[in-house]
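Values below: all heavy atoms of this structure, side chains included; hydrogens, waters and symmetry mates excluded. It should be emphasised that the depicted structure is a prediction, and the values quoted were computed from it without experimental measurement.
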There are 2 protein chains.
Amino acid sequence: MAIINNRDFITARETLSAYINEKGLRETKQRQIILDAFLSSGRHITATELHKRISGAHPEIGFATVQRNLNLFCESGIAEEIKIGRQKTRYEQKIGHEHHDHLICVKCGDFIEVHDDKIENLQNKLAAANNFRPIRHKLEIYGYCGNCK
Amino acid sequence: MAIINNRDFITARETLSAYINEKGLRETKQRQIILDAFLSSGRHITATELHKRISGAHPEIGFATVQRNLNLFCESGIAEEIKIGRQKTRYEQKIGHEHHDHLICVKCGDFIEVHDDKIENLQNKLAAANNFRPIRHKLEIYGYCGNCK
DNA sequence: TTATTAATGATTGCCATTATCAATAATAAC
DNA sequence: GTTATTATTGATAATGGCAATCATTAATAA
């Protein structure tokens, strides 16, 4: 199920370690287990789902720890929150995955990842024209997917 | 504080009335009061804020009623939810206001409304290329505004 | 006037995420 | 290695926004 390749796996580990050292945090067994489970999971997982995956082999790891570590992964830059409507937050792996936007089906709830450099460029121009320095953006297009239209 | 002009005010009322009739709902004193307060408020208000504004003159109107009516306003098309990050939902007046996107300052939390037809067109093409029929979209660009950069 | 039923207001429930706190364990200092 | 420091953990409670509930009220139709 791991979509991420081995090189990205290592990069993610290293990025997180660097962040941990920089901030004076600590490497723990739980953190390693959660990281591995996260990187081996599908592209978009919720805290609850990840906790469930881990519980089988490591029932001693609590939900709060999983949640806290997902937040840490986001801070360190190896993960990113995606929040769609009222759905619960999903955590996306960033290492080895280009930025993308989402086409979200209002019927089945599924989403497609898309990317368009021209749109990105226009966004930057738009920001500049408003004396605004952009860091990141989120574009969600809602509608009907091929299966539901 | 009302940004909306008188014509839009009337259009909003009429649009809501039409929706209410169509669905067999009812016009109530509270609904009128909440609608007027909403239309007279700033462009982006939360349910809590609106309830507070109303409470002064109408302490008998409960929070749940305000919340329910804001949801109704959204259903009828005269309002729209905007959800930014973890902030609580804000309700935006749609009548008399073109669709727009948001430049959101990560430091002060303020946001600027922007619009770009070229981006919209590219979004439609992007959707079409993915066999996706778009209904609406949300573009949020995060960064630093002129005051905070 | 009466019947129907949407709406209200107060409250409770729900659910995702955070905060708390005592116990544990990772790192640094010695 | 030993000790001190303090980040982390796990269990649980708290928080907060919003929805659901339910008895009561009131808007519309008959």
Side-chain angles (χ1 to χ4, degrees), chain A residues 13 16-38 44-52 54-76 79-92 109, chain B residues 13 16-38 44-52 54-76 79-91:
Chain A
R13 279 177 189 261
L16 181 61
S17 286
Y19 185 81
I20 284 174
N21 286 332
E22 177 196 327
K23 294 284 179 180
L25 307 179
R26 292 170 185 174
E27 313 259 11
T28 64
K29 285 196 301 287
Q30 291 92 334
R31 187 157 287 163
Q32 286 300 332
I33 290 164
I34 295 167
L35 176 61
D36 286 355
F38 175 62
H44 311 99
I45 198 164
T46 66
T48 308
E49 286 166 1
L50 186 57
H51 178 235
K52 225 171 264 172
I54 292 171
S55 289
H58 302 280
E60 77 283 1
I61 294 181
F63 173 78
T65 302
V66 173
Q67 177 76 60
R68 272 186 294 235
N69 275 284
L70 282 170
N71 290 344
L72 177 70
F73 298 168
C74 291
E75 282 170 38
S76 76
E80 187 174 357
E81 289 188 353
I82 43 179
K83 300 169 77 77
I84 291 177
R86 292 214 161 81
Q87 294 176 40
K88 70 168 63 170
T89 302
R90 289 186 172 275
Y91 297 86
E92 183 171 86
Chain B
R13 278 178 191 261
L16 181 61
S17 286
Y19 184 82
I20 284 174
N21 285 332
E22 178 196 328
K23 295 283 180 180
L25 308 179
R26 292 171 186 174
E27 314 258 12
T28 65
K29 286 195 300 285
Q30 291 92 334
R31 187 158 287 162
Q32 286 301 330
I33 291 165
I34 294 166
L35 176 61
D36 286 353
F38 175 61
H44 312 98
I45 198 164
T46 66
T48 309
E49 286 166 0
L50 185 57
H51 178 235
K52 225 171 264 172
I54 292 170
S55 289
H58 302 279
E60 76 284 1
I61 294 181
F63 173 77
T65 303
V66 173
Q67 177 77 59
R68 273 186 294 234
N69 276 284
L70 282 171
N71 290 343
L72 177 70
F73 298 167
C74 290
E75 282 170 38
S76 76
E80 186 174 358
E81 288 187 354
I82 43 179
K83 300 167 79 75
I84 291 176
R86 292 213 162 79
Q87 294 174 39
K88 69 169 62 170
T89 303
R90 288 185 172 275
Y91 298 85

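In this structure, the side chain of A:His51 does not engage the main chain of A:Thr46 through any donor-acceptor pair within 3.5 Å.
The separation between B:Ile61 atom CD1 and C:dA10 atom P is 11 Å, rounded to whole Å. Between the C1' atom of D:dT9 and the CD1 atom of A:Ile33 lies a distance of 12 Å, rounded to the nearest Å. With rounding to whole Å, A:His51 atom NE2 is found 13 Å from D:dT9 atom P. Nucleotide C:dA7 holds its P atom 12 Å from the CZ atom of B:Phe73, rounded to whole Å. Between the CG atom of B:Leu70 and the C1' atom of C:dT8 there is a distance of 15 Å, given to the nearest Å. One interatomic measurement links the two molecules: CD of A:Gln32 to P of D:dT9, which rounds to 11 Å at whole-angstrom precision. The interatomic distance linking A:Glu75 (CD) with D:dA7 (C1') rounds to 13 Å, in whole Å. Protein atom CG of A:Leu35 is 14 Å distant from nucleotide atom P of D:dT8, rounded to whole Å.
When all heavy atoms are compared, the tightest approach of A:Leu16 to A:Ser76 is CD1-OG, 3.6 Å. Annotation for B:Phe73 and B:Phe38: closest pair CD1-CD2, 3.9 Å, computed over non-hydrogen atoms. A:Ala47 approaches A:Val66 most closely through the heavy-atom pair O-CG1, 3.8 Å.
Considering only side-chain N and O atoms, B:Asn69 lies nowhere under 4.0 angstrom from the phosphate OP1 or OP2 of C:dA7.
Here the options are A:Glu81, A:His44, A:Lys83, A:Gln67, the test is side-chain hydrogen bond (donor to acceptor under 3.5 Å, both in side chains), and the partner is A:Thr89; only A:Lys83 passes.
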For this session: I would like to know whether B:Asn71 and B:Tyr91 meet side chain to side chain contact (heavy atoms under 4.5 Å, CB included); could you show each step before the answer?
Result: CA-CA 9 Å; B:Asn71 290 343; B:Tyr91 298 85; 3.7 Å; yes
Exercise. What one-letter contact string describes nucleotides 14-30 of chain C from 5' to 3', where B marks a base within less than 4.0 Å of any protein heavy atom, S marks contact via sugar-phosphate atoms alone, and - marks no contact?
Worked result: --SBB-B----BBS---
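Taking for each of B:Pro59 and B:Gly24 the nucleotide of DNA chain C with the nearest heavy atom, the 5'-most of the two is the partner of B:Gly24.
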